[in-house]
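These notes are about the structure you will find just below.
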Amino acid sequence: MSSSAHDTQRTDDIGPEQEYLDLLYGRLAAERAQAQDRLAASLRETGGTPQQRSQRESASSLYADRLAQLDAVSEGLLFGRLDLSEPATRYIGRIGLLAEDRDADPLLVDWRAPAARAFYLATAASPQGVRRRRHIRTHGRRVTGVDDEVLDLGAARASGAREDVTGEAALLAALTAARTGRMRDIVETIQAEQDEVIRSPLAGVLVVQGGPGTGKTAVALHRAAYLLYTHRAQLTRHGVLVLGPNDTFLRYISQVLPSLAETGVLLSTLGGLFPGVTARASEPDTVAEIKGRLAMTGVLAAAVRDRQRVADLAVEVDGYELRVPAERVAAAREVARRTGRPHNLARPVFLTEVVHALSEVVAERIGADPLGGENLLDEADLAEIRRELRDDPVVVAAADELWPELTPQELLSGLYGAPERLAAAGADPALYRADDAWSPADVPLLDEAAELLGEDTSAAEAEAERRRRQDIEYAEGVLEIAAGSRSYEFEDEGEERDEQLHATDLVSASRFAERHALADRRTAAERAAADRTWAFGHVIVDEAQELSPMAWRLLMRRCPSRSMTVVGDVAQTSDLSGATSWADVFEPYVSSRWRLTELSVNYRTPAEVMAVAADVLAAIDPALGSAPAVRSAGVDPWARRVAGPDLAAEVVAAARAEAAAIGAGRLGVVVPAALVDELAPALTAALPGVAVGEQPDLLNRVVLLSVKQAKGLEFDAVLLVEPDRIVADSPRGLSDLYVAVTRTTNRLGVLHTAALPKELSALETPAPALSA
């Protein structure tokens with residue numbers, strides 16, 4: 001990264017900035033105390049009209065949210081200052097703070113506010129009214145340093161300063177800092193092209209294409225915070241979903257939004273989007289690819305129809321055998337299907353038709369005129385027979401054999417576990433399995449099945465109505481007691497009489513029950529997590545290139561407004577059902593009404609590593625270009641060939657050396673999936689606290705994981721093992737190799753027993769080998 005003359009580090013201004021920071025923390029404490037008092041007061045209040053109660057609950061929620069925001073931003077509260085051309089100074093921070101005098105200028109401007117935008121966009125060529133931009137470094141409540149940029153065009157040109165990077169000193173400090181195992185926000189160092197994406201309009205589908213190190217994930221998360229700030233009422237009500245590739249990734253990014261004062265966003269993987277199901281099972285990539293095809297919609301529809309059987313129906317009722325022929329059952333099935341209702345909602349229609357057919361059999365048996373006249377049973381008799389038959393558990397069980405009520409889990413388990421059902425539905429035989437372990441690829445199918453089956457909520461609604469009437473009866477009893485024990489007296493002027501009003505004159509039992517009903521105090525995110533049919537106000541998808549067509553179908557159902565931010569890189573697509581073209585993903589849903597923007601600067605991956613990665617990218621697609629790196633690590637990547645029997649010992653030795661080289665940083669040992677379990681014993685025995693496998697703890701200094709598990713993560717150093725096997729293990733092995741090579745922020749080493757893939761020919765092999 002270039003160093004410009006107009007970037008200066010200052011030490012003499014730390015004292016005044018410390019005084020201002022102390023002032024801000026004092027104001028933060030005052031606002032927190034005020035919010036706490038108001039929340040306590042609102043919670044103490046009871047009674048009132050429904051409108052007053054609603055207003056009180058809204059106020060309580062507002063104060064609780066404000067408290068959460070104030071607590072979340074206590075670290076790194078202040079980070080910037082703008083000295084404007086007009087004699088004014090504007091401080092920029094994580095949250096807005098007003099002075100005690102509300103008519104005075106704000107003490108601190110929220111980074112998302114329009115007034116703060118110049119902090120990210122101003123350059124020497126386009127200063128936007130800014131004379132000087134100051135980056136203020138803090139640790140806890142202490143100012144540790146300041147870096148100034150004087151936006152003077154002449155000085156900037158003379159120094160050769162970059163126009164695509166602002167705040168170089170602060171950015172370089174952030175990029176070279178050791179990883180902590182949790183992603184940090186970039187609120188202090190957002191660059192102009194990132195800011196454009198973050199502040200893009202809410203409506204529509206925005207696709208952000210960016211190579212490794214361009215900050216896609218950070219931009220997506222800061223966009224979530226910006227949209228919640230700008231469209232607070234709408235998005236707080238409907239919620240924002242951030243979808244990530246795996247649980248490790250979600251833990252990695254979990255602190256970013258809270259640090260930006262946003263705590264109500266739902267973070268989830270695809271496997272977590274079906275309430276009541278934990279979908280973490282692994283399965284062959286080829287099977288996951290089959291499940292991801294849009295053709296599975298037809299398979300599931302056929303599987304539902306296959307469960308609507310036709311056969312003779314025979315039941316024994318009151319000692320009599322009643323039989324309905326298959327032709328009559330088929331007619332009942334057609335009547336139910338013609339309703340167009342989902343399977344479970346059409347089932348009562350099928351049951352009604354079957355009961356009618358059975359009642360006709362009963363009528364013929366017990367109501368026939370022995371002299372050959374009309375049936376002796378009238379319509380009232382037939383209605384009673386039908387009622388008894390509908391309530392008979394034997395009849396219901398027999399109907400269930402032909403048209404069962406199904407859950408999505410039951411439908412899919414029954415389909416996967418029976419070759420004959422797979423064949424009847426036209427499904428690939430490879431889907432057969434004997435267990436009920438759900439994989440992430442099953443979740444879109446469960447969701448599709450839920451749409452096809454429907455949910456009969458009549459029993460739940462009846463229970464809710466029963467409880468409501470019970471509450472009203474209880475309220476009536478309370479009001480009767482109140483009426484007998486107390487009255488309210490009002491005196492009319494000029495009259496010598498008292499008019500008495502009882503409690504029952506002031507409020508009805510139903511209104512009294514409503515007032516004392518328990519309110520649902522869950523956040524939109526909490527309610528959305530428990531509701532499969534929830535429609536989000538905005539959806540953000542990271543590593544979006546990995547989603548299958550069926551997964552996109554699920555997400556479009558969850559976001560009918562089509563308000564989405566989609567970030568990814570088609571060069572890194574490793575899933576067989578993933579995307580190779582954004583147009584192929586979105587044209588079926590929004591036609592041409594989607595916007596594509598590209599992040600063009602690589603901030604994370606050093607130039608030395610990108611020189612190696614460029615050959616891999618060219619092999620994936622020569623038309624794809626990599627974003628230029630803004631910095632050099634000063635360390636060349638290396639490769640060493642080792643003997644096969646010595647691989648585990650060499651991995652241990654290399655991991656020990658790399659961990660020592662990065663000090664407090666994090667090392668990722670990235671290996672083919674089949675080697676994770678093989679290398680784990682040696683690494684964990686030699687190096688204390690190594691995290692391994694499907695859900696590693698990234699707070700550990702050394703992490704052993706596969707390429708798929710490393711998606712979206714970053715490490716100070718990466719030790720890549722057996723790259724030829726990574727390429728060979730998947731039809732998209734080169735994309736996996738590209739991902740593995742670009743996970744590092746500083747150092748890259750490669751160990752291999754076979755020849756290196758030709759795409760890594762740029763690596764030089766040092767002569768001496770590390771000893772174990």
Side-chain angles (χ1 to χ4, degrees), residues 269-271 273-274 276-311 330 333-334 336-337 340-347 350 400-455 532 546-558 573-580 584-585 588-589 730-732:
T269 63
L270 179 65
L273 285 184
F274 195 88
V277 168
T278 302
R280 290 179 180 154
S282 59
E283 62 188 347
D285 292 342
T286 52
V287 173
E289 188 274 331
I290 294 170
K291 292 178 179 179
R293 298 173 187 170
L294 281 179
M296 288 300 297
T297 59
V299 169
L300 292 177
V304 172
R305 293 174 70 87
D306 183 53
R307 301 301 292 268
Q308 300 164 358
R309 296 176 49 244
V310 168
R333 183 178 70 173
E334 288 309 305
R337 284 179 172 179
R341 299 175 187 173
H343 172 88
N344 288 334
L345 301 185
R347 179 179 169 278
F350 175 77
D400 279 343
E401 288 293 317
L402 301 175
W403 192 300
E405 183 173 3
L406 296 168
T407 66
Q409 294 94 315
E410 289 169 340
L411 178 70
L412 256 67
S413 291
L415 176 66
Y416 292 156
E420 65 276 11
R421 282 184 175 154
L422 287 170
D428 193 306
L431 294 179
Y432 173 79
R433 74 179 190 206
D435 59 56
D436 287 337
W438 301 110
S439 74
D442 287 320
V443 167
L445 304 185
L446 288 168
D447 197 74
E448 186 74 20
E451 293 291 310
L452 293 169
L453 294 172
E455 183 179 0
R532 186 196 67 81
E546 303 299 344
L547 293 189
S548 69
M550 285 301 295
W552 283 113
R553 184 174 170 90
L554 177 155
L555 286 180
M556 293 299 172
R557 191 178 292 131
R558 294 294 185 89
T573 303
S574 59
D575 277 20
L576 297 183
S577 58
T580 56
D584 290 345
V585 171
Y589 297 104
S730 167
R732 291 183 173 171

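This is a predicted model, so every value here is computed, not measured.
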Criterion side chain to side chain contact (heavy atoms under 4.5 Å, CB included) on H343 and L452, from CA distance to verdict = CA-CA 6 Å; H343 172 88; L452 293 169; over 6 Å; no
Please lay out, stage by stage, how M550 and T297 fare under the test side chain to side chain contact (heavy atoms under 4.5 Å, CB included).
-> CA-CA 8 Å; M550 285 301 295; T297 59; 3.7 Å; yes
Steps toward side chain to side chain contact (heavy atoms under 4.5 Å, CB included) verdict (Y432, R421) = CA-CA 10 Å; Y432 173 79; R421 282 184 175 154; over 6 Å; no
Could you give me the CA-CA distance, side-chain angles and deciding distance for L300 and L412, then say whether side chain to side chain contact (heavy atoms under 4.5 Å, CB included) is met?
-> CA-CA 8 Å; L300 292 177; L412 256 67; 3.7 Å; yes
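A salt bridge links R433 to D442: one of the charged nitrogens lies within less than 4.0 Å of a carboxylate oxygen.
Summarising the geometry, atom OH belonging to Y589 is positioned 9.5 Å from atom CH2 belonging to W552; distances are rounded to the nearest 0.5 Å. Taking OG of S548 as the start and CG of L294 as the end, the distance is 8.0 Å to the nearest 0.5 Å. Separation of atoms CD (E420) and CG (L422) is listed at 8.5 Å; rounding is to 0.5 Å. L554 CG to F274 CZ: the interatomic distance, rounded to the nearest 0.5 Å, is 9.5 Å. One distance of note links CZ of R307 with CD of E401; it measures 10.0 Å at 0.5 Å rounding. Atoms CG and CG, from D306 and L415 in turn, are 8.5 Å apart once rounded to the nearest 0.5 Å.
Heavy-atom minimum distance, A279 versus V443: CB-CG2, 3.6 Å. Contact detail for N344 and P404: the closest heavy-atom pair is OD1-O, 4.1 Å. Between D575 and R732, the shortest heavy-atom contact is O-NH1, 2.6 Å. Across S577 and A288, no two heavy atoms sit closer than the pair OG-O, 4.4 Å. Closest non-hydrogen pair, L445 versus K291, comes out as CD2-O, 3.5 Å. Scanning both residues, L446 and P408, for their nearest heavy atoms gives O-CB, 3.5 Å.
Within the 3.5 Å criterion, the main-chain N or O of A281 finds no donor-acceptor partner in the side chain of S439. Side-chain N or O atoms of R293 include none that pairs as donor or acceptor with a backbone N or O of A295 at under 3.5 Å. Judged purely by atom type and a 3.5 angstrom limit, E410 uses its side chain to pair as donor or acceptor with the backbone of T407. R333 places a side-chain N or O within donor-acceptor distance of the main-chain N or O of Q308, the cut-off being under 3.5 Å.
Not counting sequence neighbours, the partners of D447 by the salt bridge (charged side-chain N to carboxylate O under 4.0 Å, His left out) test are R532, R557, R558. Partners of R309 according to the side chain to side chain donor-acceptor pair (under 3.5 Å) rule, which considers only residues two or more places apart in sequence or in another chain, do not exist here.
In this structure, R305 forms no cation-pi arrangement with W403, as its terminal cationic atom is not both closer than 6.0 Å to the ring centre and no more than 45° off the ring axis.
Side-chain contact between L453 and E405 is absent, with no heavy atoms from C-beta onward closer than 4.5 Å.
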